[in-house]
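Lettering of chains follows the sequences in order, A, B, ..., and the numbering in each one begins at 1. Keep in mind the model is a prediction, meaning the values are calculated, not measured.
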Amino acid sequence: MTSEAVAAATVRVRIAPSPTGPLHIGTARTALFNYLFARRYGGTFVLRLEDTDVERSTAEFEADILAGLRWLGLGWDEGPGLPGEPDQGPFGPYRQMERLARYKSSSDRLLAEDKAYYCYCSAAELDAERKRLEAAHLPPRYSGRCAHLTAAERAAFEAEGSRPAIRFRIEPGIVAFDDLVRGHVEIDASALGGDLVIVRAEGTPLYHFCVVVDDAAMHISHVIRGEDHLSNTPKHILLFRALGEAVPLFAHLPLILNPDRTKMSKRKTQTAVDDYIHEGFIREGLVNYLALLGWSTGSEDEILGLDEIAARFSLEHVQKAGAVFDRERLEWLNGQWIRRLAPAELVGRLRPFVQAEAAAGRMDRVPADAEIEALVPLVQERLPVLGAIGDLVDFLFADRLEVDPALLVPKRWDAATALGGLRAARETVAGVDAGGFGSEALEADLRGLAEAHGWKAGDLFMAIRVAVTGRTATPPLFQTLVALGRERVLVRLDSAIGGLAGQTGEGG
RNA sequence: GCCGCAUUCGUCUAGAGGCCCAGGACACCGCCCUCUCAAGGCGGAGAUCACCGGUUCGAAUCCGGUAUGCGGUACCA
């Protein structure tokens, strides 16, 4: 579709998650594409909760989904309000369980027009029928047994106390539509499995029915959703027509895949947006990555913020084939965005992760924001995710350090050399008074020390690094020493010397 | 089984008949930088554009078929 054609129409799109689980990466991406489409063409982005699966829907999942979408920055123009608050928008309510009367009146109308009928078949009967067809290698399909019941037959079922479901008549014919991503699609209605249940015997309406009633009522112009709904689209089109409603345009997005190229699932890939948030992925990184999963700018630009993406977005560059979720690429992009954060901003984002380190006992106190900000230059380019902060700085805020004596001995050294090196380093550090305890002075002195003994500076530095941090990979050593402070450096060097001396059998 | 959709480096992708013996990014490998880890720079390897036929002077790009994969096929969404 050309952008002019889109602009000519009033764009109204929606995301319609079911609160039957935490916000899923796939839902987040579908929401993102809808949001982008609305932003790009000056349209309205609607949020609707599809909570008719009462068994599995919960208020907690609902809260998680709304919070996740907000966290991503995907604000909606119309949708349900917070608990106790009114819904926003002229076409509410936006929770399907609050719209039951509307589905009822729509199904009544279909019934009155004989476009739908009552079906008394039991679950057991339908199951047996399906099994029989399967065994005969035939596609499962409703027989239509209740399609033309007489009033007397109906009365008999009612007398038995059996409660009917409502089925929508699927008339024969070819259903065709022009998908904005896939082009022209045609499906023979005979392949749809027969007349479709739209209301359960127990009285609640089913997804395929609600989605159509609501998309019509909410004047949705473009249905942008996952490819898993492509095969269901003819059912929806038939329902729109039966209801006398305008059929919206459809755009089916490629699926997000597991590494084995099956539809992304919890079993094989981490799917909850929450889990990514807790690992320290930031919204900029996640949004950027998700936008590039199945869409491209058409150019080689790829590090883009939400606003830039919205300005460039169009369905024309949406990919047709499924896309494997690549966590490494997500991490890279996330790191790119972390590096772009202003220091004060990064401190704010880091705070919860630092607090979690303390809560987990890996730090003995929670550092103040100013302390974290002082460390930003040392850590900012070393964080693929915010959660990596602990490994980088926890030794600075831990009273006691566990040091593996084996790590104190650099590869080219033996234990005795390491011991000598650490003792000499201890003396050198002790020789720098508190006033002159800066990274340049320390580096100059320690390099001088290494040279005087004929040691490779890197070896000496590694021994010191392990002694004061317990780790072999850390931020730059001299700045780390300064951050630690003279006294603690001396204490830790002493402790390492003691440990190593014990190892080598030598007295302190 | 039936119906539908898809198929460019391991992965995400650029590509709309000649600019492509296919470009970028992640990952991988080297080198540089370097106190470690990163980051950054430079370079490398990696795709007979699923396959087969056709159209055309010329096809990754158009057409047909085949294969493979995935999705759908519920009184789930």
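A straight line from NE2 of His137(A) to C1' of U73(B) spans 16 Å, rounded to a whole angstrom. The distance from atom CG of Asp188(A) to atom P of U73(B) is 18 Å, rounded to the nearest whole Å. Rounding to whole angstrom units, CG of residue Leu407(A) and P of C37(B) are separated by 14 Å. Between Arg130(A) atom CZ and G1(B) atom P the separation is 19 Å, expressed in whole Å. We find that CD of Glu302(A) is positioned 12 Å from P of A14(B), with the value rounded to whole Å.
Spacing between C26(B) and G64(B) at atom P, rounded to whole Å, works out to 38 Å. Taking atom C1' on both nucleotides, U8(B) is separated from A50(B) by 10 Å, rounded to a whole Å. With both ends at atom C1', the span from G58(B) to G18(B) equals 7 Å, rounded to whole Å. On the C1' atoms, G4(B) is 36 Å away from C21(B), given to the nearest whole Å. The same atom, C1', is picked in G72(B) and in C52(B); the two are 29 Å apart, to the nearest Å.
The aromatic rings of Phe250(A) and Phe177(A) sit perpendicular, their planes meeting at an angle over 60°, well past the 30° parallel limit. Between His208(A) and His236(A), the ring planes lie tilted relative to each other; the angle falls in the 30° to 60° range.
Here Asn232(A) lies in heavy-atom contact (under 4.0 Å) with a base. Residue Ala323(A) is in sugar-phosphate contact alone, with no base atom involved, counting any heavy-atom pair closer than 4.0 Å across all strands shown. Backbone-only engagement by Gln336(A) is indicated by non-hydrogen atom pairs under 4.0 Å involving sugar-phosphate atoms exclusively. Nucleic acid contact class of Arg465(A) (heavy atoms, under 4.0 Å, all strands): base. Residue Pro476(A) is classed as a base contact, given a heavy-atom separation below 4.0 Å to a base. Contact annotation for Arg339(A): backbone-only contact, meaning every heavy-atom pair under 4.0 Å involves sugar-phosphate atoms and none involves a base. Contact annotation for Gly226(A): no contact, since no heavy-atom pair falls under 4.0 Å across all strands. Across all strands, Pro384(A) comes closer than 4.0 Å to no nucleic acid atom at all (heavy-atom distances). Using a 4.0 Å heavy-atom distance criterion, Ser18(A) is classed as a sugar-phosphate-only contact. Across all strands, Gln380(A) comes closer than 4.0 Å to no nucleic acid atom at all (heavy-atom distances). Looking at heavy-atom distances under 4.0 Å, Cys121(A) makes contact with a base. Leu477(A) comes within contact range of at least one nucleobase, with a heavy-atom separation under 4.0 Å.
Taking NZ of Lys235(A) as the start and CD1 of Ile187(A) as the end, the distance is 9.5 Å to the nearest 0.5 Å. Between atom CD1 of residue Ile198(A) and atom OH of residue Tyr103(A) there is a gap of 12.5 Å, rounded to the nearest 0.5 Å.
Look at Gln319(A) and you'll find a side-chain N or O under 4.0 angstrom from OP1 or OP2 of A14(B). Residue Arg329(A) places none of its side-chain N or O atoms closer than 4.0 Å to OP1 or OP2 of A25(B). Applying the 4.0 Å criterion to OP1 and OP2 of C76(B), one finds that Arg200(A) has a side-chain N or O inside that range. Residue Thr52(A) places at least one side-chain N or O under 4.0 Å from the OP1 or OP2 atom of A77(B). Considering only side-chain N and O atoms, Arg261(A) lies under 4.0 angstrom from the phosphate OP1 or OP2 of C12(B). An OP1 or OP2 oxygen of G72(B) is reached within less than 4.0 angstrom by a side-chain nitrogen or oxygen of Lys263(A).
Residues Arg200(A) and Thr204(A) bring a donor and an acceptor atom of their side chains to less than 3.5 Å of each other. A side-chain donor-acceptor contact under 3.5 Å links Tyr120(A) and Glu158(A). Between the side chains of Tyr117(A) and Asp195(A), a donor-acceptor pair is found at a separation under 3.5 Å. For the residue pair His252(A)/Thr233(A), the side-chain donor-acceptor check at 3.5 Å is satisfied. Side-chain atoms of Glu451(A) and His453(A) include no donor-acceptor pair closer than 3.5 Å. No hydrogens or angles considered: nothing links the side chains of Thr20(A) and Asp53(A) as a donor-acceptor pair under 3.5 Å.
The side chain of Lys235(A) lies closest to U73(B), out of U36(B), U11(B), U73(B). Checking U73(B), C35(B), C75(B) against every side-chain atom of Leu126(A), the shortest atom distance belongs to C75(B). Here A39(B) is the nucleotide among A39(B), C75(B), G71(B) with the atom lying nearest to any side-chain atom of Glu381(A). Relative to the side chain of Glu300(A), the nucleotides A6(B), G23(B), C35(B) differ in distance, and G23(B) lies closest. Taking only side-chain atoms of Asp326(A), from C-beta outward, the nucleotide of U11(B), G1(B), G4(B) with the closest atom is U11(B).
Pairing of A14(B), defined by two Watson-Crick or G-U wobble distances under 3.5 Å, is not identified with any nucleotide. Of all nucleotides present, none satisfies the Watson-Crick or G-U wobble test against C19(B) with each distance under 3.5 Å. Base pairing of U7(B) is made with A67(B), judged by Watson-Crick or G-U wobble geometry with both donor-acceptor distances under 3.5 Å. In this structure, U48(B) forms no base pair with any nucleotide, since neither Watson-Crick nor G-U wobble geometry is met with both distances under 3.5 Å. If you check C35(B) for Watson-Crick or wobble pairing at under 3.5 angstrom, you find it has no partner at all.
Remark: aromatic rings of Phe478(A) and Phe437(A) are distant, center separation not under 6.0 Å.
Residues Ser231(A) and Ala201(A) both approach RNA chain B. Their nearest nucleotides, taken by heavy-atom distance, put Ser231(A) toward the 5′ side. Each of Val181(A) and Pro139(A) was assigned the nucleotide of RNA chain B with the nearest heavy atom; the assignment lying further toward the 5' end belongs to Pro139(A).
Within 6.0 Å of CZ on Phe157(A) lie more than 12 heavy atoms contributed by other residues, nucleotides or ligands. For Glu160(A), the CD atom counts as densely surrounded, since its 6.0 Å shell holds more than 12 non-hydrogen atoms of other residues, nucleotides or ligands. Shown here is His137(A), whose NE2 atom has no more than 12 heavy atoms of other residues, nucleotides or ligands within 6.0 Å.
If you check residues 252-260 of chain A against RNA chain B, the residues with a heavy atom closer than 4.0 Å are Leu255(A), listed by number. Near RNA chain B, meaning a heavy atom under 4.0 Å from it, residues 450-462 of chain A has Gly458(A), Phe461(A), Met462(A) in order of number.
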Practice prompt. Start with the C-alpha distance between Arg95(A) and Glu62(A), add both sets of side-chain angles, then the distance that settles salt bridge (charged side-chain N to carboxylate O under 4.0 Å, His left out), and finish with yes or no.
Written response: CA-CA 10 Å; Arg95(A) 286 183 184 84; Glu62(A) 178 183 312; 2.6 Å; yes
Worksheet entry | Arg14(A) vs Val223(A), side chain to side chain contact (heavy atoms under 4.5 Å, CB included): CA-CA, chis, key distance, verdict | CA-CA 7 Å; Arg14(A) 46 66 166 185; Val223(A) 173; 3.5 Å; yes
Using atom names, set out every protein N or O paired with an N or O of nucleotides 15-22 of chain B below 3.5 Å, distance rounded to 0.1 Å.
from: G15(B); atom 1: OP1; to: His317(A); atom 2: NE2; distance (Å): 3.4

